[in-house]
Amino acid sequence: MDWMAWTWPTAIFFMVIASLLVTFTVLAIKFPETPRRGVLGMETTRGDRLFITLLGSAFINLGWLGLVGTAQPYAMIVCLIYAAAVFRWV
């Protein structure tokens, strides 16, 4: 496959996403939950909050690249804080 550069960071990214999906699937089977209403005013489940976190983290990283530059480890810290806030209050 010459159309995409498969580097270790790319592979790790996809492995993390796959492991998150497997983990959340196992959690949903083992510990079923009822949706809860957070600050958004709509009912969300763990999977919904994971999706919101991943989508928001993508925008945080894109904004970070556009405004700050290549210091991405700091963007990851911001994403982790964002993820904690989403899972706590959304």
Side-chain angles (χ1 to χ4, degrees):
M1 292 188 187
D2 293 334
W3 63 273
M4 183 172 179
W6 284 99
T7 62
W8 277 110
T10 304
I12 291 170
F13 172 78
F14 283 106
M15 285 188 282
V16 167
I17 297 297
S19 66
L20 280 170
L21 291 174
V22 168
T23 301
F24 274 72
T25 301
V26 169
L27 283 173
I29 293 168
K30 194 164 181 150
F31 305 107
E33 70 168 336
T34 56
R36 70 176 192 202
R37 190 174 301 270
V39 297
L40 293 179
M42 62 183 188
E43 291 183 346
T44 60
T45 62
R46 278 186 293 249
D48 297 331
R49 292 187 293 276
L50 175 64
F51 178 75
I52 292 168
T53 298
L54 291 174
L55 190 62
S57 295
F59 284 112
I60 289 170
N61 278 287
L62 287 172
W64 192 277
L65 278 173
L67 298 174
V68 177
T70 59
Q72 285 303 109
Y74 298 112
M76 184 174 172
I77 294 169
V78 174
C79 289
L80 290 174
I81 293 168
Y82 170 72
V86 167
F87 275 91
R88 175 68 178 106
W89 292 300
V90 172

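Heads up: numbering here begins at 1 and tracks the sequence.
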How far does [atom1] of [X] sit from [atom2] of [Y], to the nearest 0.5 angstrom?
X	Y	atom1	atom2	answer
Thr23	Arg46	OG1	CZ	11.5 Å
Ile29	Phe24	CD1	CZ	13.5 Å
Ile17	Ile12	CD1	CD1	12.5 Å
Met42	Arg37	CE	CZ	10.0 Å

Quiz item: Hey, are the side chains of Gln72 and Leu65 touching, using non-hydrogen atoms and a 4.5 Å cut-off?
Solution: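 Side-chain contact under 4.5 Å: yes.
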Less than 3.5 Å apart, which donor and acceptor atoms pair up between the side chains of residues 75-90 and the rest of the protein, not counting sequence neighbours?
unit_1 : atom_1 : unit_2 : atom_2 : d
Tyr82  : OH     : Ile52  : O      : 3.3

Practice problem: Please report the shortest heavy-atom distance between Thr45 and Asp48, naming the atom on each side. | Solution: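 Taking every non-hydrogen atom into account, N-OD2, 3.0 Å.
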Quiz item: Which hydrophobic side chains are connected to Phe31, either touching it within the sub-4.5 Å cutoff or through other members that do?
Solution: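 Phe31 shares its hydrophobic cluster with Leu27.
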Practice problem: Output the rest of the hydrophobic cluster of Phe51: all Ile, Leu, Val, Met, Phe, Trp and Tyr residues reachable through side-chain heavy-atom contacts under 4.5 Å, sorted by chain and number. | Solution: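 Leu55, Phe59, which link up through side-chain heavy atoms under 4.5 Å apart, make up the rest of the cluster.
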Between [X] and [Y], is there a shared hydrophobic cluster once you connect ILVMFWY residues whose side-chain heavy atoms come closer than 4.5 Å?
X	Y	result
Leu62	Leu67	no
Val22	Met15	no
Val16	Leu50	yes

